[in-house]
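Order of the sequence lines fixes the chain letters, A, B, ..., with proteins taken first and strands second; residue numbering starts at 1 for each chain.
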Amino acid sequence: MAEIKIPVKSGIVNRLGLGIDAYKGAVSTLCQGCGHDTISRHIMTAFYEYGIEPHRVAKMSGIGCSSKTPAYFMARSCGLNAVHGRMPSVATGAKLANKDLLVLGVSGDGDTAAIGIGQFMHLMRRNVDMIYIIENNGVYGLTKGQFSATSDPGSKQKWGAVNQYDSIDCCAVAIELGCSFVARSFSGDHKQMVPLIKAAIAHKGTVLLDIISPCVTFNNHEGSTKSYHHVQEHDEPLHAIDFIPYYDEVQVDYPAGTTKKVDLADGSHLLLKKLDQDYDPTDKIRAIETLAKSKQEGALLTGILYLNPKKTLHEVEEITNEPLYKLTEKELRPPKEAFAEIQERFGWGA
Amino acid sequence: MKKEIVNDFTIEVATVNGTGSQTSNLVITKAIAHMGIPVGPKNVFPSNIAGLPTWYFIRVNKDGYLGRRREVNVAVLLNPTTFAQDIPRIHPGGAVIYESEYPVTGTAKREDIIYYPVPFGRLASTGISDFKLKKQLTNMLYVGVLAELIGIDAAAITGALRHQLKGKEKAVRVNVDTIEIGRKYARENLKKQDPYALESMNGTKGKVLMEGNTACAMGALFGGCTVAAWYPITPASSLSETTEDLFEKYRKGPDGKKRYAVIQAEDEIAAIGMAIGAGWAGARSMTGTSGPGISLMSEYVGFAYFGEVPVVIFDIQRIGPSTGLPTRTSQGDIFSTATLSHGDTKHVLLIPSTVEECFEFSMLAFDLAERLQTPVFVMSDLDLGMNLWLTDHFKYPTKPFDRGKVLTEEDIKKLGQFERYRDVDEDGITYRTYPGNAHPLAAYFTRGSGHNEAAAYTEDGVAYQRVADRLSKKYETARGFMPESKTDYVSGAKVGIVAYGSTDQIVQESRDILAKSNVKTNYLKLRSIPFQLSPVQEFFDKCDKVYVVEQNRDAQVAQIIKLELGPEAFKKMHSVLHYSGFPIPTESVVEEISGKKKKHPPSQEILAHASMEGGE
């Protein structure tokens with residue numbers, strides 16, 4: 001149990017004049033060395049560095065170790081710890097009520113891929129403007145070590161049982177269903193995670209970040225495909241990621257042949273530097289194919305798998321820009337004439 | 001012929017569903033209203049798209065009693081499958097209009113009713129030339145025959161058609177022509193022998209014919225709901241669909257964009273989740289459903305109760321348990337909804353008994369949800385929700401919205417502190433902030449797990465008990481906000497009747513019938529759970545015997561009253577229960593209280609059951 005430490009010198013503030021302390025949460029009660037705490041640290045770093053006002057953020061989660069974490073970062077943001085597997089619906093409702101909220105959902109692999117797979121899939125279809133982080137460790141932690149639906153076939157449980165069932169790849173599901181930003185990363189990869197979260201903030205539409213986050217207590221042994229050791233061995237980044245925020249006026253030079261510049265909705269940019277292969281994250285078919293191949297080979301592809309902006313739920317539904325919760329009687333209650341007109345419809349032609 | 005019976009009888013139309021008879025039935029209903037005669041229809045339909053039996057009962061009553069009567073006086077029977085089962089339901093002296101091809105044998109053969117055979121099939125094939133419209137127009141033939149026999153005037157029918165067909169003159173003309181074929185046949189071939197007749201009067205002026213679901217949707221519009229999430233289910237779908245229709249027409253901003261969101265969710269769990277998320281973020285939000293949806297929402301409702309999130313839930317009750325009879329009415333969800341979800345839970349239920357109350361209670365529900373920061377249920381039912389009820393024009397709401405206890409950034413600055421679950425006012429209701437409030441102390445964490453006054457996670461049993469006890473206190477505070485039970489005392493009466501919801505109308509009529517045979521009764525109409533205790537206690541004190549009339553098997557509200565008032569009240573209680581899926585008929589209350597309970601042939605209560613099997 002410890003406060004999640006962020007390596008920032010005291011006295012330093014971000015563009016809003018806020019120090020890192022303004023982004024801290026309660027003391028974490030997760031196990032020492034839990035990948036989830038590392039993710040919380042990346043979230044705080046990203047929101048602090050980007051300079052997002054904490055009160056604008058709504059932290060939504062379901063049930064499980066992962067879903068406890070919103071209490072451990074950004075205490076100045078409102079949070080809602082929903083029922084198991086149903087975070088997508090409350091997040092959708094909150095965003096509909098107040099479109100100015102920056103909705104950050106945190107879920108786990110059980111919460112998303114098992115009990116919550118239905119709501120997860122429908123959220124991906126709707127393209128609600130929000131960030132959805134899966135802290136994916138392939139195991140049920142709070143209930144002590146059962147397999148989850150993202151456990152790979154052949155992966156070993158702590159007590160030796162071998163998973164017989166195929167795993168659900170949440171990224172593949174999300175891409176198939178039209179999610180507009182899909183990325184995978186590893187909790188231990190600070191250099192990749194922080195720019196990914198910043199890009200998620202800058203994007204408009206649903207962002208799915210599937211973060212492999214090893215469970216040190218129940219799934220960190222030999223034979224597990226989600227142990228620190230296994231993930232480090234099999235991590236294959238698609239590209240190196242750099243994030244340039246919209247307010248940063250610095251002109252960045254980059255070699256066009258090996259680096260791809262991606263524009264984000266709020267005016268920020270991503271620089272994706274080519275590594276082993278030339279990967280185009282805007283190609284849906286290619287993304288699905290690449291994921292399927294990597295699964296066959298047992299590789300863990302990380303980076304931006306798919307990015308293709310499209311209309312958000314608010315845009316499709318043509319909902320006004322004023323946050324709905326702010327509307328008063330004046331705007332909401334139609335006048336007497338409308339009242340009479342409606343009732344006229346229910347006459348009988350007299 | 002016997003003495004005429006004017007403006008006081010019930011018409012039954014039996015057809016096969018999917019043939020378009022609904023339009024004809026609505027035209028008959030509206031035409032009668034057009035003549036100024038109070039009219040109340042009950043649609044008894046199957047859970048099916050086409051091919052199964054469907055019945056439509058139209059009650060006309062000059063005194064304005066429009067609840068269901070068991071007695072059927074004039075029947076239009078056009079379903080060969082149920083013909084022999086429908087005939088026995090006709091009251092002696094009544095009449096039947098039917099397809100002359102049907103064999104009048106067995107149970108279909110009676111000596112005490114009048115038969116009007118009409119060759120509908122032949123009239124359709126010789127009289128209707130428009131092939132495309134043949135199926136629909138065929139049903140207009142019986143409108144003509146019936147109109148001629150009971151005296152619905154032509155101008156009223158034309159007016160009703162215009163209203164029903166939204167003024168499409170060509171369509172109106174084709175229908176009028178077809179109706180005339182039926183009229184002509186009746187005029188030339190049938191001799192009026194039954195006593196039932198209509199005469200124009202002045203009993204519908206200033207009224208409308210509206211379904212409860214429409215009134216609830218109006219309540220959502222005028223009550224300021226901005227987020228509605230729902231999943232299709234009979235008999236609640238029309239509530240959400242009408243809500244969306246009304247919002248689309250009356251709730252757009254100056255930019256032409258929606259000042260609302262109506263989302264069809266993937267299931268009822270997602271629907272309630274969205275509504276709760278929106279309520280949490282400060283919008284007035286709702287979901288509309290029926291029993292199976294309520295069951296699915298159970299876990300999330302417990303969350304909203306414990307996390308104290310405002311949300312409005314409409315339950316248009318149908319027969320359960322499980323899928324039950326999806327298209328039949330019931331008051332069977334009261335007890336389970338009052339304590340919905342696991343653990344100690346107590347919910348606020350508003351129970352409208354008229355279409356007007358559907359409107360008023362819907363608006364009130366949004367106020368109460370925010371005032372009490374808890375889920376508020378509006379308990380309607382299929383009969384109230386999906387049938388047309390003659391109702392006075394509503395009163396335009398003048399009361400401002402009650403947004404409850406909400407602290408702004410400025411408020412917290414002044415107070416210097418904020419704890420989400422601290423009972424500052426000692427009424428059990430705490431203060432909240434909307435997410436997005438910029439004050440550094442404004443944010444809090446809402447959770448379904450154990451929490452203390454500061455909304456922090458806790459497993460401390462003492463802290464848990466404090467919260468649980470405060471929620472109980474809040475429930476007691478809620479009583480004071482509930483619409484008061486309506487009582488009507490008659491001097492000298494020692495017999496009391498307690499009823500609620502759509503049962504109200506038949507109780508009112510029953511009391512008048514009983515009074516005529518010198519049985520005086522007092523009446524208490526319960527309008528909410530929880531209820532203000534003293535009027536109910538006083539009612540039980542004043543009566544020697546209290547009949548609690550309900551449309552469920554387990555005497556659900558009687559049980560709640562027993563829990564609230566204790567064993568003394570229970571000793572006086574007698575339950576009148578009705579749970580066939582049909583709206584409760586007036587006769588059942590009159591017979592029970594007057595001690596003249598008759599045994600009714602099953603065909604009067606349960607329609608043609610054999611032929612309904614096999615349909616979903």
Side chain, backbone, both or neither: which part of [X] has a heavy atom under 4.5 Å from chain B?
| X | result |
| --- | --- |
| Arg126(A) | side chain |
| Gln343(A) | both |
| Glu322(A) | side chain |
| Ile63(A) | neither |
| Pro70(A) | both |
| Ala82(A) | both |
| Ile319(A) | both |

Heavy-atom check, side chain of Ile263(B) versus side chain of Leu313(A), under 4.5 Å =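 Of all side-chain heavy-atom pairs linking Leu313(A) with Ile263(B), at least one is under 4.5 Å.
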Could you tell me which portion of [X] (side chain, backbone, both or neither) has an atom closer than 4.5 angstrom to a non-hydrogen atom of chain A?
| X | result |
| --- | --- |
| Arg284(B) | neither |
| Phe359(B) | side chain |
| Lys166(B) | neither |
| Thr214(B) | side chain |
| Ser285(B) | neither |
| Ala275(B) | neither |
| Leu388(B) | neither |
| Met218(B) | side chain |
| Thr398(B) | backbone |
| Leu26(B) | neither |
| Val262(B) | backbone |
| Ala229(B) | neither |
| Leu161(B) | neither |

Any Lys/Arg nitrogen of Glu341(A) or Lys249(B) sitting under 4.0 Å from an Asp/Glu carboxylate oxygen of the other?
->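 Yes, Glu341(A) and Lys249(B) are salt-bridged.
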Quick one: do Glu331(A) and Arg259(B) make a salt bridge, cutoff under 4.0 Å?
->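 Not counted as a salt bridge, because no side-chain N and carboxylate O are separated by less than 4.0 Å.
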Name the member of Phe401(B), Tyr444(B), Phe303(B), Tyr434(B) that forms the most heavy-atom pairs with chain A at distances under 4.5 Å.
->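 Heavy-atom pairs under 4.5 Å are most numerous for Phe401(B).
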Salt bridge (Lys or Arg N to Asp or Glu O under 4.0 Å) involving Glu244(B) - partner list, sequence neighbours excluded |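 Glu244(B) satisfies salt bridge (Lys or Arg N to Asp or Glu O under 4.0 Å) with no other residue.
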When the ring planes of Phe394(B) and Phe339(A) are compared, do they come out parallel, tilted or perpendicular, using 30° and 60° as the limits?
->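 The arrangement is tilted - the two ring planes meet at 30° to 60°.
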Is the closest side-chain donor-acceptor distance between Thr320(A) and Asp255(B) under 3.5 Å?
->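 Looking only at side-chain atoms, Asp255(B) and Thr320(A) do form a donor-acceptor pair, the distance falling under 3.5 Å.
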Quick one: does Lys336(A)'s side chain have a donor or acceptor within less than 3.5 Å of a partner on Tyr396(B)'s backbone?
->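 Flag not set: sc Lys336(A) to bb Tyr396(B) has no pair under 3.5 Å.
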